[in-house]
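Each remark here refers to the structure printed beneath this line.
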Amino acid sequence: MPPASSILNADLHCHSVVSDGTLTPEALAARAKANGVELWALTDHDEIGGQHRAAAAARANGMKYLTGTEISVTFANETVHIVGLGFDPDDADMLQGLHKTRGGRGQRAMEMSDGLARVGIKGAYEGALKFVGNPELISRTHFARFLVESGVCKETAEVFRKYLTEGKPGYVPHRWASLHDAVKWITSARGMAIIAHPARYKFTPNEEYALFTEFKAHGGQGVEVVTGSHTAQEYVKYAETAREFGLAASRGSDFHSPEESHTDLGTLPFLPGGLTPIWELLADRIQ
Ligand code: AMP
Ligand code: MN
Ligand code: MN
Ligand code: MN
């Protein structure tokens, strides 16, 4: 009997220097391969500029590949991330939508820097820029790296806790894409939309129910069940949610950096049984 398709080392969520990771697409591909990844996707935030490089690097390493991205969305006043997989990386509407989503980041970064200056941290915008690999994609992660480098905090998690989350001096509220637009860009480009790391959102049960219900209504197809952001109990909880909403399940480390990420590429447990792996639905889009 062939192994169940849930027994596949698929890693369908990670970041390169094209967004807020520290490795190039090529270095990520080599690392994924070394860790036994069989099916890989690079999912940079709001950006698909690394897709052709990543697909070529996967091919050079003998790995299967799905195109990927992770779109920032505002839903019920909270930032939600929607992963897209298996879309056409040259789709004009998707490219334009992502370009627009990235658009507010420069201004937001300057306001973040002003907030940090008010508590005595000078030059954070210029400092963060030194860590940026893509000028359109300055993110909180780059500020966190600067605050660690300059000795303000010991590690990036501490920077987020003390400076970059709601109510803290470097936090600037931002309006990202709508859930409807993000799902539409992905599905119109022949891809599938997946709710990333659902346990990370600070939603009430009613808000979470609304997120899944609206996501389904817009044509979303999957949810991350096994991710570096979930505990073992949360794998069980979101496996149940996937069944309840008739969603396929995805698996991804959310790897950003050898120095910062606690979950390496390809090292998570397999998907639990009894779910439809998203890669089954995307079989004809695997390169
Ligand atoms: P942004 O899109 O600029 O709001 O930045 C979001 C990114 O910050 C996420 O994709 C993570 O890479 C990172 N991040 C968010 N929260 C934390 C945290 N608590 N610790 C470390 N990194 C975080
Ligand atoms: Mn990130
Ligand atoms: Mn995310
Ligand atoms: Mn991510």
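In each ligand, atom 1 is the first atom listed, and ligand 1 is the first ligand listed. The figures that follow rest on heavy atoms only: side chains count, while hydrogens, waters and symmetry mates do not.
- The protein heavy-atom contact nearest to atom 19 (N) of ligand 1 is Phe160 CB, 3.6 Å.
- Interface of Asp20 with ligand 1, defined as ligand atoms under 4.0 Å from a residue heavy atom, comprises 7 (C), 10 (O), 12 (O).
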Go through it in stages, so that I can follow the logic: the residues are Glu26 and Arg53, the test is salt bridge (Lys or Arg N to Asp or Glu O under 4.0 Å), and I'd like the CA-CA distance, side-chain angles, deciding distance and then a yes or no. CA-CA 7 Å; Glu26 291 76 15; Arg53 280 172 70 184; 2.7 Å; yes
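- The distance from ligand 1 to the heavy atoms of Arg105 drops below 4.0 Å at these ligand atoms: 1 (P), 2 (O), 3 (O).
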Which side-chain N or O atoms in residues 75-95 pair as donor and acceptor under 3.5 Å with protein atoms at least two apart or in another chain?
from: Thr79; atom 1: OG1; to: Trp176; atom 2: NE1; distance (Å): 3.4
from: His81; atom 1: ND1; to: Glu70; atom 2: OE2; distance (Å): 2.9
from: Asp88; atom 1: OD1; to: Asp90; atom 2: N; distance (Å): 2.8
from: Asp90; atom 1: OD1; to: His52; atom 2: NE2; distance (Å): 3.0
from: Asp91; atom 1: OD2; to: Asp93; atom 2: N; distance (Å): 3.3
from: Asp91; atom 1: OD2; to: Met94; atom 2: N; distance (Å): 2.9

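- Nearest residue to atom 3 (O) of ligand 1 from His262, His45, Arg108, Glu70 is Arg108 (criterion: closest heavy atom).
- Here the two rings, on His15 and Phe255, have centers that are 6.0 Å apart or farther.
- With Val159, Ile138, Thr141 as candidates, the residue nearest to atom 11 (C) of ligand 1 on a non-hydrogen basis is Thr141.
- Protein N/O/S atoms found under 2.8 Å from the Mn ion (ligand 4), listed by chain and residue number: His13 NE2, His15 NE2, Glu70 OE1, Asp254 OD1.
- Residues that satisfy the side-chain contact (heavy atoms from CB on, under 4.5 Å) test with Glu259, not counting sequence neighbours, are Thr22, Ser257.
- Salt-bridge formation is not detected for the pair Arg108/Glu111: no Lys NZ or Arg NE/NH1/NH2 atom is positioned less than 4.0 Å from an Asp or Glu carboxylate oxygen.
- Taking the charged nitrogens against the carboxylate oxygens, Asp264 and Arg31 do have a contact shorter than 4.0 Å, which makes a salt bridge.
- Sorted by first and then second residue, the side-chain hydrogen bond (donor to acceptor under 3.5 Å, both in side chains) pairs with a member in residues 212-227 read His13-Glu224; sequence neighbours excluded.
- Nearest protein heavy-atom contact of atom 6 (C) of ligand 1 is Arg140 NH2, 3.7 Å.
- For the pair Glu149 and Lys130, the salt-bridge criterion is met [side-chain N within less than 4.0 Å of a carboxylate O].
- The main-chain N or O of Lys154 is found under 3.5 Å from a side-chain atom of Glu158 such that the two form a donor-acceptor pair.
- The existence of a salt bridge linking Glu260 and Arg145 is confirmed by a sub-4.0 Å separation between a basic side-chain nitrogen and an acidic carboxylate oxygen.
- Here His15 has no heavy atoms under 4.0 Å from ligand 1, in either its backbone or its side chain.
- Residue, atom and distance of the protein heavy atom nearest to atom 12 (O) of ligand 1 are His256 NE2, 2.9 Å.
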